[in-house]
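Numbering of ligands and ligand atoms starts at 1, following listing order. Start at 1 with the first residue, then count along the sequence.
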Amino acid sequence: MANAVGAPLKRKEDPRLLTGNGCFADDIQLPGMLHAVILRSPHAHAKIKKINVEEALKSPHVIAVYTGKDLEGKIGPVPSSWLVPDCNLKEAPQYPLAIDRVRYVGDGVALIIADDRYAARDALDLIDVEYEVLPAAVRQKEAMQKGAPLVHDDIENNIALHWKAGEVAEEIMENAEVVVQESFYVQRVFPSPIETRAAIGQYNPGSEELTLWCTSQNPHIHRMVLAGVLGISEAKLRVIAPDMGGGFGGKIGVYPDEALIGYAARDLGRPVKWIEQRSEHFTSSNAGRDEVIDVELAGNRDGTLTAIRVKNTANLGAYLSTMGPGVSTIDFGLMITGAYDIPHASCETFGVYTNTTPTDAYRGAGKPEATYQIERIIDLYAREIGMDPLELRKKNLVRKEAFPYTNAQGLVYDSGDYEKPLQKALEIVNYEQLRQEQEKLRKQGKLIGIGLSTYVELCGFGPSKVAGAIGFQGGVWENSTVRVHPSGKVTVYSGTSPHGQGHATTFGQIVADKLGVPMEDIELVFSDTKAISMSWGTYGSRSTAVGGAAVAIAADRVVEKAKKIAAHELEAAVEDITFENGVFQVKGVPGQQRTFQEIAKSANMAWNLPEGMEPSLEAQSFFDPENFVYPFGTHIAIVEVDKETGEIEWKRYVCVDDVGRVINPLTAEGQVHGGVAQGVGQALWEGAIYSKEGQLLSGTLMDYALPKARFFPHIESSFTETLSPVNPLGAKGVGETGTTASIPAVMNAVMDALKPYGVKDIEMPLTPEKVWRAIQNGEGN
Ligand code: MCN
């Protein structure tokens, strides 16, 4: 198919999923399958004095009960982290079940296996655990104080890591005409995919192979880590991620639960299924954010910015999750200057253990937090010097001519033209007129707010050498195999593991263009460690820029070989063969041609191949890019605040994103919409609330306000295209841009609306009550 890339094709996956023909974890039924539930700690911090499982074992349907002590020496701890920068990391081993102490509400205490799912749940009440409750450390800044309860006895002041990047000399701050300071709390939120986590284990004693279906964004990382935890060869562990109802970062981590299910299936010799409950998800799946960010932005009265100094205090929870230590350090700290040319920058991060569920990557992972602090402090700086926030941005944005641009923290932004999406967004909202109207309405007592966010984001992880140098414990390349069958139909194997992003469509588009075959002739295979040799998974908006690029390169290699076969058959030189729309043609000789399908047949039949050529038409690529990719753009939120109730009413939400070459505008727009929904959710509604004892008070969907579609305005989304030079597609990531950009856009809009009251900051989420109180306490009241 010609020009498939760039076409707004509907998703190939959807008919199957929408007609109930998907196969999600809970759809998997195996003969003789048992059901598992995990008894979890009701306390944030307690000693386990005694566990009595006798009553549970007497229950007629219960097959086995395991406690932490039963598993000692049989399964190793889950390795604490995958992303470990140079940060004096203090690791604390997390065993699949707590042994003598629980450290957060939701910590696993016992595993129950029964032949009936409901009986397994009923047996939870039959296990008697005697706890001695201990004081809990809950919020990070308090947990760091001397005398705070220790989550792990040997880790002083609960400090898990201390990381620094960059240096700002004291005299730069002292000599600045203006220094604006603020402390922002980017609160803890839950990824909340529509499908919770799940694992199903099946052991074959004959082949000694363990198959684990699990809700993983990165089955190969699960295989690598769990093979170590379970003490088996990677060759004997097959991990398959079935259809998944989203992940949003919450399914990157390798959890103790998955190790438990693999262990039980092998131990009992029967398949075992575990499906996480929704309420369990709130306490047992990794959460996101939870960072207290202290910022100082320095510069001149004319708006020239000279330095930014940031301190981030991150709540890592009770244990280090797979990506946890990297989020508030590398992902955050190297991006603190955002889209601005600020010559001096420094970031110091403390990662703190607390008696809460571990935190990890959540859509954007550190980048939304980095963008939040810079976009918010830019607005406060503009307010301080009496400049329009747009003018301050324009004055300091990295110029088009500066690319590739090295930011103050040493990252090299691949390509950019930040004015382009900004200008487009300004035209869409008619910025100047909008400001005039706002002024007019303010005089009538109406609180209209306009919030800008001109962001840049680091994604497309990434070059393995760089990743290794900054603390990644693995490679971050991708691989793909493009296999052409004798009929000319194509199977494409890709290492990335989609869970809602639509790769079967967008990667199909890449192949359709390259091979000139129709979309319906292309099948994609993902997410099975037995079908695909190795991969580093889907997160950090890397699949297109790295995995899609591997697909494109493998397809190019197929065409290269096919061209040689065509040249041989047509008795022409390879250089004289053109390939367009699926047809190989001798230049300037009409009729002298072969279709792609004819060559596929020839390659597989192998009756008449060029001398020395191996049969078959198949190629593989292992692609390791030379750099990350840096999408950018402008989001503008326009709101009205009701001063009587504090309620926020949407006027408009406009976003112009530049994600390099857009493979599929429909899919990309869908990604932006989803991302914006999660960002706006953080700004306005969502937030974990813990009591001082460490109890999660917002642990159900009755208490945790996930936004609904009707809460949103029409999201007016469009793109500009500035190609990336670091992959053959020119594409950058789009999966996280909406979240990264929207949180500060909304906050800046609401703070702009409240400007007449002198309100500078309100802790997210902006509930009507908080907004109303800020108005009451504001100037002029
Ligand atoms: N795309 C495109 N043009 C581009 C870039 C991407 O058309 N220039 C398309 C892609 O081909 C793909 C989709 O957009 O179909 C997202 O691609 P990409 O930005 O490469 O991101 P990933 O595929 O690596 O997905 C990860 C990203 C992240 S980090 C989170 S979190 C997230 C997200 O994607 N979680 C999601 N989007 C999600 N969408 C769904 N439905 N569910 C999740 O859990």
Checklist entry - Would a distance-only check, ignoring hydrogens and angles, find a side-chain to backbone donor-acceptor pair under 3.5 Å from Ser453 to Tyr455? => result no
Next on the checklist: Tell me whether Glu369 contacts the main-chain N or O of Gly364 through its side chain, where contact means a donor paired with an acceptor under 3.5 Å.
Outcome noted: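 No, because the side chain of Glu369 does not come within donor-acceptor range (under 3.5 Å) of the backbone of Gly364.
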Next on the checklist: Give the residues near ligand 1 by chain and number, with the criterion being a heavy-atom distance under 4.0 Å.
Outcome noted: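 The 4.0 Å shell around ligand 1 contains Gly246, Gly247, Phe248, Gly249, Arg363, His499, Gly500, Gln501, Gly502, His503, Thr506, Thr538, Tyr539, Gly540, Ser541, Arg542, Ser543, Thr544, Val659, Arg661, Val662, Ile663, Asn664, Thr667, Gln671, Ala731, Lys732, Gly733, Val734, Gly735, Glu736.
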Checklist entry - Relative to each other, are the rings of His635 and Tyr653 parallel, tilted or perpendicular (30° and 60° limits)? => result perpendicular
Checklist entry - What pairs with Phe628 under ring-ring contact (aromatic ring centres under 6.0 Å, His included), at least two apart in sequence or on another chain? => result Phe461
Next on the checklist: Can you confirm if the NZ or CZ of Arg542 lies within 45° of the ring axis of Tyr539 and under 6.0 Å from the centre of its six-membered ring?
Outcome noted: yes
Next on the checklist: Looking at Lys489 and Asp521, is any side-chain nitrogen of the basic one under 4.0 Å from a carboxylate oxygen of the acidic one?
Outcome noted: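 Yes.
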